Amino acid sequence: MQSAASLAQKKAVGFEWTEERLKRLLIALVIFWLLLGIVFPLFPLIQRSLQDKNGNFVGAANYERYFSTPALSISLTNSMEVSLSVAGLALVLAFGYAYALTRTRMAWKRYFLLAAMLPLYVPPLAHGIGLVYLFGKKGLITTGFGGAFEALGWQGWDINLYGFNGILLGELLYVFPQAVMILMVAASLADARLYEASESLQASPMRTFLTVTLPSLRYGLVSAAFVTFTLVFTDFGVPKVVGGNYNVLATDIYKQVIGQQNFEMGAAISMLLLIPTVMAFVVDRIVQRRQTAALSARSVPYQPKANPWLDRAAFVYCLSITLLIFTVIATVFLASMVELWPYKLNFSLRHFDFSTVGGGGYGAFWNSIRMSFYTALFGTAITFFSAYLIEKLKTFKPARSFAYFISMIPVALPGMVIGLAYIFFFNPLQWKFGGLVIPNPFSFLYGTMGILVLANIVHFYTVSFMTATTALKQLDREFEAVSESLGVPFYRTFWNVTVPLSLPALLEIAMYYFVNAMVTVSAVVFLYSPRLKLASVAIVNMDDAGDTAAAAAMSVLVILTSVGVRLLYDLATRGISRRAQAWKAR
Amino acid sequence: MPPPYLQIQSVTKKFDKTIALDDVSLEVQEGEFIFLLGPSGCGKTTLLRIIAGLEDASQGRILQAGQDVTRLPPSKRNFGIVFQSYALFPNLTVFQNIAYGLENRKEPKEKIKTRVNELLELVGLPEYGGRFPAQLSGGQQQRVALARALAISPGLLLLDEPLSALDARVRASLRIEIARLQKQLGITTVMVSHDQEEALTMADRVVVMEQGRVVQVGTPEEIYFQPATPFVADFVGLMNFIPGVAAAGGQNQVQVGDDALFIEQPIAQWAGQPVTLAIRPERVQVAQNGQAGNILRARVHEVEFMGPFYRLHLRIGQNDKMVAYMPPENTHNIEIRAGVELPVHLPPSHLRVYQSAAG
C-alpha cells in the first residue's frame with residue numbers, strides 16, 4: 001500500500017516524466033497498429049460468415065449449407081488428407097536431408113543447403129507450372145519427351161498429375177525448405193558429450209540414434225510437422241494450378257469470392273480454414289513450452305565423424321532431392337524460353353512479351369517490386385521497433401505482454417483469411433455492428449498500395465517479429481539501464497547502439513519480407529485493384545486463361561528478382577557489416 | 001555527524017507473492033564505501049536496483065542528498081552504475097563509451113575530450129581510447145565501465161558484482177584499485193557482492209543480508225570478529241559450531257559434554273538453556289602438555305596439508321565436527337595424523353555464544 005503522501009508526490013512529479021510518457025505513448029501506438037492490422041479485421045469476417053447476402057443475421061446457416069453440400073464439404077476432407085500426407089512425407093524427407101547436413105561429413109554441404117532453400121524464392125504456383133510441364137497432359141515426361149523415344153517403345157509416363165498427386169508433389173517442394181530449416185536448427189543443437197557417453201557405454205549406432213538423436217530432435221520434429229501442415233492446409237497456389245477436380249478449402253474460398261461473389265460463404269470457409277491452423281498453433285506452443293534448453297553453457301558442440309558409407313549415402317540422397325528441385329525449376333525456365341513446349345524446343349523470348357496476354361504484364365511486375373520494397377522497408381521498421389518496445393522497455397508490463405501475444409497471432413492466419421478479412425474491414429465506408437454504425441476512417445486504404453503492404457506485413461509478421469526479438473534478447477539487458485543512469489534518453493541509445501548492433505537481423509527481416517511479398521498470392525489476391533495488378537496474381541490469371549508459357553515467364557521474372565535481391569543483399573551485407581560491425585573484429 | 005548522504009527507509013519489495021526485501025533501512029555517510037553482502041537471492045541486487053530506480057520499491061523511501069528520490073526515474077537521479085556484465089556498448093570505442101553521458105549533455109567537444117582523457121588516465125588506460133571493447137581484456141573492460149560511470153561525476157557510485165566475471169588474479173588487483181579510486185575521489189559507493197573476502201578487504205562498512213532482511217551492519221572487523229548471528233558467522237569466513245548448555249547459575253560458562261568452557265561474553269540471560277558455541281578455525285589451538293582451562297578432548301579425523309597450515313578435521317564427543325587451522329610450528333611436536341587424540345584449547349576471548357535455534 002502506498003501512503004497518500006507518496007501518491008500525491010507521484011502525481012506531482014509524474015508530470016515531468018516526459019520520457020516515461022513517450023514510452024507509454026509508443027507502446028500504446030504499437031498496440032493500436034497490432035489491433036488494427038491483426039485483431040479488428042477478424043471481427044467483420046466472423047460477422048460476415050453468420051450473415052446472408054443482404055446482411056441479415058442467419059446464424060450458422062452458411063456453415064450448415066457448407067456441410068450439407070457434398071461438393072463443398074468434400075474440400076475439408078481433401079484439405080486434411082493432402083495436408084497430413086505432405087506433412088508426413090516432408091518430415092521424413094526433410095529429416096534425412098537435415099540429418100545429412102548436420103550429422104555427416106558428406107561433400108558439397110554448402111551447396112546442398114543452398115539448393116534446399118531455393119524453393120523459398122519460387123512462387124508456389126511456379127512449382128505447379130513446372131510440374132505441369134513435366135507431368136501434365138503435354139508434359140515432357142508424360143509424352144515421353146515429345147515422342148522422342150517412341151521408337152524405343154517408350155510412350156511416356158502419366159502420373160495422373162491433376163489432383164491429389166500434383167498437389168502432393170507441388171506442396172512437397174513448397175514446404176521442403178521450411179521443414180529442413182526447422183530440423184537443421186534442432187539438429188545443430190546437439191551436445192557432443194551425450195554422444196561420447198553413449199559411445200563409451202558401447203551402445204550401437206542404432207541405439208544411440210534412438211536414445212540420443214531422436215529425443216533431442218522431437219521438438220523440432222513436432223514444430224516442423226505443424227508448420228508444414230499449416231502451410232499446405234492454407235496454400236492456394238499449388239492446388240490452383242495442379243488441383244484439377246480435387247478441391248481444397250483455399251481454392252474454394254477463391255472460387256466463392258472471385259467466381260461467385262459469395263463473400264458470406266467465403267467467410268464461412270475461411271473460418272473453417274482457421275480452425276485447424278489455430279489448433280496446430282496452440283498445440284505447437286504447448287509442446288514447445290515443455291522444451292527445456294537443449295544446450296547448457298557447458299555443452300560441447302557435436303562434430304560429426306567421418307563415416308564413408310553414411311557420408312556417401314547422404315550425398316546420394318541429397319543429390320537426388322536437389323536434382324528434383326532443380327528439375328522442376330529448370331523446367332519453368334526452359335518452358336518460358338522455347339517456342340512451344342514440348343514440341344518446338346527452339347529458343348524464343350516471345351513469352352516474355354506480355355502484351356498479348358492478360359494479367360498486367362510488366363506493369364504488374366513493377367508493382368510487385370514496389371510493393372515488396374515498401375513491405376521490406378516499412379515492415380522492417382515497424383517490426384523491429386515494435387519488438388524493441390516490447391522487449392526492452394520496462395514500462396507498462398501488462399500492455400507489453402498483450403502486444404507480444406497479439407504478435408504471435410499472424411502465424412496462425414492463412415493469407416486468404418487476411419485478404420478476405422481486409423476486404424470486410426477496409427472496404428465499407430462504415431461498420432455496422434448490430435444497430436451500431438461507425439464511420440470507417442481507414443476506407444481510403446482500400447484498393448491502394450497501402451493495404452497491400454499492410455496485408456503483407458501482417459501476413460509475415462510473426463516470423464519477422466521473432467527474428468527481431470531473438471536478436472534483441474542477445475543484447476546486454478543492462479544497456480538501457482546504463483543509458484538511463486547516464487541521463488541518456490532511450491531513443492538515443494536505440495539509435496546509437498541497438499540499431500547498429502542489430503543490423504544483421506534488420507537486413508535479414510527486410511530480406512524475408514521482400515522475398516515473401518514478391519512470391520505471395522494468397523493475401524493479395526483479394527486485395528489488388530485493377531489499377532494495381534501484381535506479378536504473382538498475374539501468374540494465377542495467365543495460368544487460368546491457359547497462357548501457361550506466359551505464366552512461366554512471369555514466374556521466371558519473379559524468381560530472378562527474388563534470387564537477385566538475395567545475392568545483392570549478400571554482397572551488400574558483406575560490405576555494410578564489415579564497416580558497421582568493425583567492433584566485432586578483434 | 002552530518003546527515004547521511006543516502007537514506008534507505010523501511011524499503012519493502014514484493015514480486016508477486018515473494019518478498020524480496022522486507023523492511024530494509026540503512027544510512028550511508030558521504031564518501032563511505034558500503035558493501036551489500038549475502039548469498040544469491042538475499043535481495044542485495046534488488047536493493048541496489050531500487051537505489052538506482054531500476055526497480056520500484058513496494059513500500060518505503062529512498063533519500064539521496066536530502067532529496068526524496070523514491071519515485072524518480074533513473075535518468076533524474078544522480079548515480080553511476082557498473083554491472084557484472086560491464087554492459088559496454090560494443091559498437092562504440094572506449095572513448096565513445098566514456099563520453100556517452102557527456103555528449104548527451106551537449107558539453108563542448110574540447111571539454112569532453114579533456115574529461116575522457118582524464119578518466120582514461122584515472123583508470124590506467126591512457127592509450128586505449130580508440131579501441132573497441134571486444135579488443136580489451138575483462139579487467140580492462142571493467143575499468144572502462146567504471147570510467148563511463150564516473151564520467152558524469154555522479155554523487156553515488158553503484159557497483160553490481162563488478163568483479164565476479166573476472167579470474168582470481170585480476171579480481172584481486174582490481175579490488176585494490178577500485179578501493180583506492182573510491183578513496184581518492186571520495187565518492188559515496190554501494191557495491192553488491194556475494195564474495196566475503198571482497199567485502200572484508202574493500203568496505204568501510206558491510207551490510208550482511210539474508211532472505212530480504214539486513215542481519216548485521218558493521219565494519220569488516222566487527223562483522224568478522226563479532227558476527228551477530230550464526231548465519232553471519234558462517235557466511236563471512238568459516239565458523240565451527242559446538243552445541244552446549246549455558247551454566248545454570250548465570251556464570252560465563254558453557255557445558256560441552258563433560259567439559260566446561262569459559263567465555264568472555266555475558267550470557268546470563270540464557271542460564272540453563274541450550275546454546276551454540278562458535279569459534280573460527282584459526283583460533284583453535286593445540287593444547288600444550290599440562291595446559292588447563294578451556295580444553296576439549298578431540299580426535300583427528302582427517303588431515304589436509306594446505307601449505308601455510310594444516311587443515312585438521314576433528315571430532316569432539318560422539319560426532320560433533322570441528323575444523324582447525326594449525327601452522328606446522330604450533331603443533332607442539334605432536335604427530336598429527338588421523339586417529340590420534342588431540343586436546344584443543346579454545347581461548348575464552350574468541351568463543352562466541354548464540355542462543356540455539358531450537359531453544
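Every chain is numbered from 1 and lettered A, B, ... according to where its sequence line falls, protein lines coming before strand lines. Since we're looking at a predicted model, the values are computed, not measured.
Across every non-hydrogen atom of Tyr100(B) and Leu486(A), the tightest pair is CD2-CD1, 4.2 Å. The two residues Gly487(A) and Asn104(B) come nearest to each other via the heavy atoms O-ND2, 2.7 Å.
Contact of Ile152(B) with chain A is made through the side chain alone, with heavy-atom distances under 4.5 Å. Looking at Leu102(B), there are no atoms closer than 4.5 Å to chain A (heavy atoms on both sides), in backbone or side chain. Using a 4.5 Å cut-off between heavy atoms, Phe83(B) touches chain A through its side chain atoms alone.
Shown here are the salt bridge (charged side-chain N to carboxylate O under 4.0 Å, His left out) partners of Glu480(A), two or more places apart in sequence or in another chain: there are none. Residues satisfying the salt bridge (charged side-chain N to carboxylate O under 4.0 Å, His left out) criterion with Asp56(B), sequence neighbours excluded, are absent altogether.
A heavy-atom distance below 4.5 Å is not found between the side chains of Leu475(A) and Pro90(B). Contact annotation: the side chain of Ser483(A) approaches that of Phe89(B) to within less than 4.5 Å [non-hydrogen atoms, C-beta and beyond]. The shortest distance between side-chain heavy atoms of Asp476(A) and Tyr86(B) does not fall below 4.5 Å. Side-chain contact between Glu19(A) and Ser75(B) is present, with at least one heavy-atom pair separated by less than 4.5 Å.
Using a 4.0 Å cut-off between charged nitrogen and carboxylate oxygen, Glu478(A) and Arg49(B) count as a salt-bridge pair.
At most 12 non-hydrogen atoms from other residues, nucleotides or ligands lie less than 6.0 angstrom from CD of Gln211(B). Taking a 6.0 Å sphere around CZ of Arg175(B), one finds it holds more than 12 heavy atoms contributed by other residues, nucleotides or ligands. Environment of CZ in Phe373(A): sparse, with no more than 12 heavy atoms of neighbouring residues, nucleotides or ligands closer than 6.0 Å. Residue Lys111(B) qualifies as open at atom NZ: its count of foreign heavy atoms under 6.0 Å is 12 or below. Residue Lys113(B) qualifies as open at atom NZ: its count of foreign heavy atoms under 6.0 Å is 12 or below. The environment of CZ in Arg477(A) is sparse: at most 12 heavy-atom neighbours from other residues, nucleotides or ligands sit within 6.0 Å.
Under the 3.5 Å distance criterion, the side-chain polar atoms of Asn496(A) are left unmatched by any main-chain donor or acceptor of Asn91(B).
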